[in-house]
Asks: 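Handing you this structure, nothing more for now.
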Amino acid sequence: MAPKSYKIETELVFLKSTDQHNASVPPLYQSATFKQNSLSDMGEYDYTRSGNPTRTFLQNKMAAIMKATQTFAVTSGMGCLDVIVRLLQPGDEVIAGDDLYGGTHRLLTYLNSKGDLKVHHYDTTNTELLKSKITKNTKMIFLESPTNPLIKVCDVKAITDHAHAVNPDLLVVFDNTMMTPLLMTPLDLGVDIHYESATKYLNGHHDIMAGVIAARDPKLAERIYFVINSTGCGLSPFDCWLLARGLRTLAVRVEKQQQNCVKISEFLHNLGFKVRYPGLKSHPQYELHQSQCTGAGAVLSFETGSIKLSEKIVESTDIFGIAVSFGCVNSLISMPCKMSHASIDAKTREERDMPEDLIRLCIGIEDPEDLIQDLTKALLKSGAVKLNDKDELFNATGVQAKL
Ligand SMILES: Cc1ncc(COP(=O)(O)O)c(C=O)c1O
Ligand SMILES: N[C@@H](CCSC[C@H](N)C(=O)O)C(=O)O
């Protein structure tokens, strides 16, 4: 009989123990080096930079849920990108989205400024424009969908298919931090490298930094492993162990976070705010997002029309913590232009239509009514909404909340 393949929810928690004592949790091999039986009888592991059983356990689990042949756990999401760009040659041309995470933009801009790479940024929501820019010289394309923080969606399959038709050796790289393998399987859409900041949903508890890189082509996986072993950015055994523990609850966490986020997006939308969330029918690429993902995730952003007003809202919540990052069990609020995306200079932010008043909400697993109450209190305190004598909420332009 063919080996049984399980649904992702089962795969996340199922453990077929190979441990000598049949431990129900994968053991932690907190060891830098491994003794060999003899010079002619070497074991599978010699040194943790090159490989460690706890990392192997995590990577095998990740391969199953990312539908990859091989995955690699490294020290952060940015660490993933650092490994990936090392696959390129000096001066190579690459295409990147114009709303990539601020840190991704920073590293690509740095490499561009040194002449290590030639980086061209385009609006990835414009599929035809992007296709027209891909040439035989394009060696890599960096995509995110939905993007952080403008929640822009791109047609991953159309772009990837076209890119491979123009140049079969071109590598399409997809940062899936916002969706996780639970809501999107980029390798199934044809991308060559799928990576994620595991600091976010995969771990889910904000107690480690980590990143995971996934590939299907064994030759490509070999090149990725070479860089990781050579540079020493493999994830430490204890962090691998913590990440493997966090992963077990990924499905329940993401489901609850997403349910909460849908409610909050509707609450803000009904108050008349411009809300960016791919789960709302008002999102310009709602249909496209639904066609390539099985959910909308738990990050939304919205505009208030005034930087001062946004600042007051952000500083008036109790449950929502003012912090960067997302994907954790607790809810966070931030202003991307002052925080997560401050590394993109103000001129570039303006050119890319990034509203300075944008507020980002990263929703956790708390009770949704408590979260809405906390937001309502902050909106009232800041003056963004008002109560009438019947205790009904109105926004600044007089729109009555449809609660
Ligand atoms: C979409 C996205 N990709 C990559 C990263 C980088 O991940 P890390 O912070 O784990 O380096 C982040 C956030 O930091 C992110 O939001
Ligand atoms: N000071 C940090 C900011 C990290 S932002 C983390 C996360 N990706 C987010 O979007 O919130 C830096 O300079 O990288």
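We use all heavy atoms of the structure for the numbers below, so side chains are in, but hydrogens, waters and symmetry mates are not. Positions are given from 1 along the sequence. All ligand and atom numbering here is 1-based and tracks the order in the structure.
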Asks: Examine the side chains of His194 and Glu196 and answer whether a donor and an acceptor come within less than 3.5 Å of each other.
Replies: yes
Asks: Between Asp82 and Arg86, is the closest basic N to carboxylate O distance under 4.0 Å?
Replies: yes
Asks: Do protein heavy atoms approach atom 13 (O) of ligand 2 to less than 4.0 Å?
Replies: yes
Asks: Once you round to the nearest 0.5 Å, how far does OG1 of Thr304 lie from NZ of Lys312?
Replies: 10.5 Å
Asks: Any atom of ligand 2 sitting under 4.0 Å from a heavy atom of Lys200?
Replies: yes
Asks: Taking 4.0 Å as the limit for heavy-atom contacts, which would you say applies to Met209 with ligand 1: side chain only, backbone only, both, or neither?
Replies: side chain
Asks: Does the Thr317 side chain pair with the main chain of Ile319, one donor and one acceptor, at a distance under 3.5 Å?
Replies: no
Asks: Can you check whether Gly79 has an N/O within less than 3.5 Å of an N/O in ligand 1?
Replies: no
Asks: With a 4.0 Å cut-off on heavy atoms, is Arg360 in contact with ligand 2?
Replies: yes
Asks: Supply the atom-to-atom distance His164 NE2 to Leu170 CG, rounded to the nearest 0.5 angstrom.
Replies: 6.0 Å
Asks: Anything under 30° is parallel, anything over 60° is perpendicular, the rest tilted; go ahead and classify Phe302 against Phe273.
Replies: perpendicular
Asks: Taking the six-membered ring for Trp and the single ring otherwise, decide whether the centroids of Phe14 and Tyr6 are under 6.0 Å apart.
Replies: yes
Asks: If you measure every N or O of Thr199 against every N or O of ligand 1, does any of those distances drop under 3.5 Å?
Replies: yes
Asks: Mind checking whether Ser325 has an N or O less than 3.5 Å away from an N or O of ligand 2?
Replies: yes
Asks: Salt bridge check: are Glu311 and Lys308 linked by an N-O gap of less than 4.0 Å?
Replies: yes
Asks: Just heavy atoms, cut-off under 4.0 Å: does Asn148 contact ligand 2 by side chain, backbone, both, or neither?
Replies: side chain
Asks: Does ligand 2 have a heavy atom under 4.0 Å from the side chain of Arg106, from its backbone, from both, or from neither?
Replies: side chain
Asks: Considering only protein heavy atoms, which is closest to atom 11 (O) of ligand 1, and at what distance to one decimal place?
Replies: Met78 N, 2.9 Å
Asks: Starting from atom 2 (C) of ligand 2, what is the nearest protein heavy atom, named by residue and atom, and what distance separates them?
Replies: Tyr101 OH, 4.6 Å
Asks: What protein heavy atom is closest to atom 13 (C) of ligand 1, reported as residue, atom name and distance in Å?
Replies: Lys200 NZ, 2.6 Å
Asks: Given Asn148, Leu81, Thr147, which has its nearest heavy atom closest to atom 16 (O) of ligand 1?
Replies: Asn148
Asks: Does even one non-hydrogen atom of Glu196 get within less than 4.0 Å of ligand 1?
Replies: no
Asks: What is the closest protein heavy atom to atom 8 (P) of ligand 1, and at what distance does it sit?
Replies: Gly77 N, 3.3 Å
Asks: To the nearest 0.1 Å, how far is atom 15 (C) of ligand 1 from its closest protein heavy atom, and which atom is that?
Replies: Tyr101 CG, 3.5 Å
Asks: Mind checking whether Phe326 has a heavy atom under 4.0 Å from ligand 1?
Replies: yes
Asks: Quick one: do His341 and Tyr101 satisfy ring pair (Phe, Tyr, Trp, His ring centres under 6.0 Å)? Show the steps, please.
Replies: CA-CA 7 Å; His341 292 67; Tyr101 159 57; 5.7 Å; yes
Asks: Relative to the heavy atoms of Ser340, which atoms of ligand 2 are at a distance of less than 4.0 Å?
Replies: 5 (S), 9 (C), 10 (O), 11 (O)
Asks: Set out, in order, the CA-CA distance, both residues' side-chain angles and the distance that settles side chain to side chain donor-acceptor pair (under 3.5 Å) for Tyr195 and Thr177, then state yes or no.
Replies: CA-CA 7 Å; Tyr195 79 94; Thr177 308; over 6 Å; no
Asks: Does a salt bridge link Arg276 with Glu303, judged by any charged N lying under 4.0 Å from a carboxylate O?
Replies: yes
Asks: Please determine whether a side-chain nitrogen of the Lys or Arg among Asp123 and Arg352 lies less than 4.0 Å from a carboxylate oxygen of the Asp or Glu.
Replies: no
Asks: What protein heavy atom lies closest to atom 2 (C) of ligand 1? Include the residue and the distance to one decimal.
Replies: Asp175 OD2, 3.4 Å
Asks: Nearest heavy atom to atom 7 (O) of ligand 1 wins, so pick from Ala198, Ser325, Ser197.
Replies: Ser197
